[in-house]
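Since the structure comes first, as C-alpha cells, the remarks are kept for the end.
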Amino acid sequence: MDYVNKRRISQWAEEERPREKLLLKGRNALSNAELLAILIGSGPKNETAVDVARHLLNRCNGSLHHLALQTAEQLKAVRGIGDAAAARIGASLELGRRKRAETPEAKTKLQSSDDVFELIQEDLADLTHEEFWVVMLNNSNVVIKKICISKGGFSRTVADPKKVFSLALENRSSAIIVCHNHPSGNIKPSDEDLSLTKKLVNAGILLDMPVIDHIIVGSENFFSFVDNGLL
C-alpha cells in the first residue's frame, strides 16, 4: 500500500506536493500525473488528485496523445473529474496545441517528408476534425510560415486553391507544402485528395510556386505524395 498517497496532498511534505514542487523545482521535475493533478485540483473521498490523474492516464494507456483526443464527457467519466477540471484540462491541451501552431522562431529547413511530419504532426494528429494547412517556404526550403486555411468535419475539409496561393503570395513564398489530417487514422489519399493535389500542382506551375509535397497526417504516421510517386 502507498501510505503517502492515502494521505491528503495537504499532508504531504511540501516538496512532494505537485503545485509546490512545480514552484520549487520547475515544471520539468513533475511527472505527467503530477502535472494533471494540478489541473484536477482535488480528488474524491479517499483519493488524491494524483490518484485521479493516474486513473485518467491509465484510461488513455499512459499516452498524452490519447488524452488529447478525449472529449469533456470522456474526461468526466473518470471519478473525481467534474466540469471545472475537464475544462481546465481541455484548455491546457488546447493552449499547448496553439503554441505549437505558432510560426516557429528558429529557422527550420525542410529536407524530407519526415521533416514536414515533425513540423506539422502536433498541429494535426490530435484533432477529431479535418484541417488543411499550408507550409510556406523560401527558395532555400526554410519555413516562412505555416497556417491553417480551412477546417471541416470528421471526414472532409475543403481547401480553395485561390486562398492557398493568395496567402502564399502575400508571404512571398517560393514554394509550398500542403498538409491535412485524416481523423480516422487511415492515411490513404481519397479521390478528392488526389483531385485537389492535381489542381494545386497545376496552379503552382502557372504561378512559378511549386507544390513540393502533400502530406496526409494520421494519428502517429503520415502519407507523402512525393514518397509514393504521386507528385
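Note that the structure is a prediction, hence the values are computed from the model and not measured. Here, residue 1 is the first one in the sequence, and each next residue gets the next number. Worth knowing before you read on, the calculation uses all heavy atoms, side chains too, and leaves out hydrogens, waters and symmetry mates.
In this structure, a donor-acceptor pair under 3.5 Å is absent between the side chains of N181 and H129. Side-chain contact check for D213 and S224: at least one donor-acceptor pair (N or O, by modelled atom type) lies under 3.5 Å.
Residues T108 and D115 are not in side-chain contact: their nearest non-hydrogen atoms beyond the backbone lie 4.5 Å or more apart. Side-chain contact between S31 and E34: present, with at least one pair of heavy atoms (C-beta onward) separated by less than 4.5 Å. Taking the side chain as every heavy atom from C-beta outward, N228 and V226 never approach each other to under 4.5 Å. With a 4.5 Å cut-off on side-chain heavy atoms, M136 and V134 count as touching. Inter-residue side-chain proximity for F222 and V116 is flagged as unmet; no heavy-atom pair is nearer than 4.5 Å. Looking at V135 and C179, their side chains come closer than 4.5 Å, going by heavy atoms from C-beta outward. Considering only heavy atoms from C-beta on, L169 stays 4.5 Å or farther from L167 through its side chain. Inter-residue side-chain proximity for L56 and I89 is flagged as met; some heavy-atom pair is nearer than 4.5 Å.
Placement of I38 and L36 in two distinct hydrophobic clusters is found when ILVMFWY residues are connected by side-chain heavy-atom separations under 4.5 Å, directly or transitively. Transitive grouping of hydrophobic side chains (ILVMFWY, heavy atoms separated by less than 4.5 Å) brings L196 and M209 into a common cluster. Hydrophobic clustering places V201 together with I149 (ILVMFWY residues linked when any side-chain heavy atoms are closer than 4.5 Å, directly or through intermediates). In terms of hydrophobic clustering, with Ile, Leu, Val, Met, Phe, Trp and Tyr side chains grouped at heavy-atom distances under 4.5 Å, L22 and V50 are assigned to different clusters.
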Exercise for the section: Start with the C-alpha gap between H180 and I216, add the side-chain angles, then the distance that decides, and say whether side chain to side chain contact (heavy atoms under 4.5 Å, CB included) holds. Expected result: CA-CA 5 Å; H180 79 284; I216 299 175; 3.5 Å; yes
Practice task
With side chain to side chain contact (heavy atoms under 4.5 Å, CB included) as the test, would you mind laying out the steps for H65 and D126 before giving the verdict?
Solution key: CA-CA 6 Å; H65 168 69; D126 292 342; 2.4 Å; yes
Exercise for the section: Go through the steps for V178 and I176 under the test side chain to side chain contact (heavy atoms under 4.5 Å, CB included), then give the verdict. Expected result: CA-CA 6 Å; V178 294; I176 64 171; 4.1 Å; yes
Exercise for the section: Let me see the working for D227 and S113 under side-chain hydrogen bond (donor to acceptor under 3.5 Å, both in side chains), right down to the final yes or no. Expected result: CA-CA 8 Å; D227 293 352; S113 57; 2.5 Å; yes
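Ion pair K151/E130 not flagged as a salt bridge, since none of the NZ, NE, NH1 or NH2 atoms sits closer than 4.0 Å to an Asp/Glu carboxylate oxygen.
Here the CG-CG distance, from L64 to L57, works out to 6.5 Å after rounding to the nearest 0.5 Å. F165 CZ to S173 OG: the interatomic distance, rounded to the nearest 0.5 Å, is 10.0 Å. From T128, atom OG1 reaches atom CD of Q70 across 11.0 Å, with rounding to the nearest 0.5 Å. To the nearest 0.5 Å, the span separating CZ on F225 from CG on L194 amounts to 5.0 Å. In this structure, CG on D83 lies 10.5 Å from CZ on R88, to the nearest 0.5 angstrom. For the atom pair L30 CG and L35 CG, the distance stands at 5.0 Å (nearest 0.5 Å).
When every heavy atom of L69 is checked against every heavy atom of A125, the shortest pair comes out as CD2-O, 4.3 Å. The minimum heavy-atom distance between D193 and T197, with the atom names listed, is O-OG1, 2.7 Å. Here the closest non-hydrogen pair linking T71 and Q74 is N-OE1, 2.8 Å. When all heavy atoms are compared, the tightest approach of V52 to P44 is CG2-CD, 3.5 Å. Across E47 and D51, no two heavy atoms sit closer than the pair CA-OD2, 3.5 Å. Of all non-hydrogen atoms in A37 and A53, the two that sit nearest each other are N-CB, 3.9 Å.
Heavy atoms of other residues, nucleotides or ligands lying less than 6.0 angstrom from CZ of R79 number more than 12. Heavy-atom contacts from other residues, nucleotides or ligands closer than 6.0 Å to CD of E94 number more than 12.
The aromatic rings of F132 and H214 stand perpendicular to each other, their planes meeting at an angle above 60°, with 30° marking the opposite boundary.
N138 contributes a side-chain N or O that, together with a main-chain N or O of S140, makes up a donor-acceptor pair within less than 3.5 Å.
Between K146 and the choices D123, L137, I177, the side chain to side chain contact (heavy atoms under 4.5 Å, CB included) rule is met once, by D123.
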